[in-house]
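The structure appears below as structure tokens.
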Protein chains: 2
Amino acid sequence: MTEKTYQHIKELLSEAGLKATHPRIAVLHELMLSDEHPSAEQLHDRVSRQYPSVSLGSVYRVLEKLVEADLVYQVATRGGSKRYDANLEQHCHIYSINTEEIQDYYDPELNELIKNYFHEKQVSNFKITDIKLQINGEKRDPKSKVTIV
Amino acid sequence: MTEKTYQHIKELLSEAGLKATHPRIAVLHELMLSDEHPSAEQLHDRVSRQYPSVSLGSVYRVLEKLVEADLVYQVATRGGSKRYDANLEQHCHIYSINTEEIQDYYDPELNELIKNYFHEKQVSNFKITDIKLQINGEKRDPKSKVTIV
DNA sequence: CTCCTAAATGAGAATTATTCCTATTTGGCT
DNA sequence: AGCCAAATAGGAATAATTCTCATTTAGGAG
Ligand SMILES: [Mn+2]
Ligand SMILES: [Mn+2]
Ligand SMILES: [Zn+2]
Ligand SMILES: [Zn+2]
């Protein structure tokens, strides 16, 4: 990781009021590098290559804190394991049930449509944090990506 | 359960090519009675009152089969336990993170909007089974319902 | 820079959620 | 009524996550 990225991540943590520890920096960095919404265990495998001393328990604890601090998004799934996303921009998820993959789908026009639709709605007894569109289905060729145009 | 409901559920199972066993009838019936997207364990608790011999393992197996047969929908969550829905009509879910509640939100206009939006999209390498809007946030008063109008 | 302390971590036990195994039972068919 | 493939009960096994506690560390104070 470049010195620049490392410093940037430290700042993100500090600004959020979190100690910039090695496990936290390493986990957040790995998550930022990934676009596949990894699980705690997958992140631990990757982090372990550079920092073999980071424990799986710490990865779980770190992720909990990062989610709490809104530095990381926790993705909804149909079971299995918890999955995480460091991409906080508004986007949708394509869930492939057969492969357990979660692929990002960016569509500013759709985001706008939904935002406007809810803008004129009255929501009571609830504080909305985000609205997410889930596209569920089955990937045909597991090796290639899904495209929507 | 009325004789009518009982017969109806038996037919649903038969039509799906599933043996109409007591555990299946009881689980599907309980799930149909509920609008709170219960977990396997919650369903087992409820089913046990009428049929104490139905095991938790069977509830898990039954739910797996019902999902496979498209008689039941498996809801996406941010972890904890798997949750189920017998309501197969197109609708949205309001996720209350603090209370773990999942409330239905019906909005035909929104369904239409999304359906039309995707109607003119080309999706490749993917067979879409459903598109679901998740409204995430925190419930203010846990005792009363959330409303969106 | 060194010291101090609250906060975070590593290691492993414990808990929770789910799946698997196998002897027994049962629903649906003849 | 009898048959048998399929499903179940009960319990063991596994997977995923959380907890406990002795030790370490980040970051502020001096
Ligand atoms: Mn889950
Ligand atoms: Mn689990
Ligand atoms: Zn994403
Ligand atoms: Zn629902």
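So that the names make sense, note that chain A is the first sequence line, chain B the second, and so on, each numbered from 1. Note that the coordinates shown come from a computational prediction; the quantities given were computed from them, not determined experimentally.
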So, is [X] close to the [N] phosphate, meaning a side-chain N or O under 4.0 Å from OP1 or OP2?
| X | N | value |
| --- | --- | --- |
| A:T21 | C:dA7 | no |
| B:K82 | D:dA15 | no |
| B:Y60 | C:dT19 | no |
| B:S55 | D:dA9 | yes |

[X] [atom1] - [N] [atom2] separation (whole Å):
| X | N | atom1 | atom2 | answer |
| --- | --- | --- | --- | --- |
| A:R78 | C:dT18 | CZ | C1' | 18 Å |
| A:L18 | C:dA6 | CG | C1' | 14 Å |
| A:E64 | D:dT17 | CD | C1' | 10 Å |
| B:H44 | D:dG11 | NE2 | P | 12 Å |
| A:Y51 | C:dG10 | OH | C1' | 17 Å |
| A:L63 | C:dT9 | CG | C1' | 15 Å |

Problem - Pairwise 5' ranking along DNA chain D for B:K65 and A:L56, keeping only the more 5' one - result: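 Residue closer to the 5' terminus by nearest nucleotide: B:K65.
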Exercise for the section: Ignoring hydrogens and angles, answer whether the base of D:dA6 and the side-chain atoms of B:R61 contain a donor-acceptor pair closer than 3.5 Å. Expected result: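 A donor-acceptor contact between them is absent.
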Practice task
Look at the side chain of B:R24 against the base of C:dG27 and say whether a donor-acceptor pair falls under 3.5 Å; ignore hydrogens and angles.
Solution key: no
Practice task
Please tell me which of B:G57 and B:H22 maps to the more 5' nucleotide of DNA chain C, matching each residue to the nucleotide holding its nearest heavy atom.
Solution key: B:G57
Exercise for the section: Hey, can you tell me if B:H37 and B:H93 have their rings parallel, tilted or perpendicular (30° and 60° cut-offs)? Expected result: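 Perpendicular, since the angle between the ring planes exceeds 60°.
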Problem - More than 12 heavy atoms of other groups within 6.0 Å of A:E100 CD - result: no
Practice task
Look at the side chain of B:D104 and the backbone N and O of B:H91, then say whether any donor-acceptor pair between them is shorter than 3.5 Å.
Solution key: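 No, B:D104 side chain to B:H91 backbone: no donor-acceptor pair under 3.5 Å.
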Completion exercise
When the rotation axes relating C1' atoms of four end pairs to the next four are compared across the helix from C:dC1-D:dG30 to C:dT30-D:dA1, five pairs an end, they differ to 10° by 40°
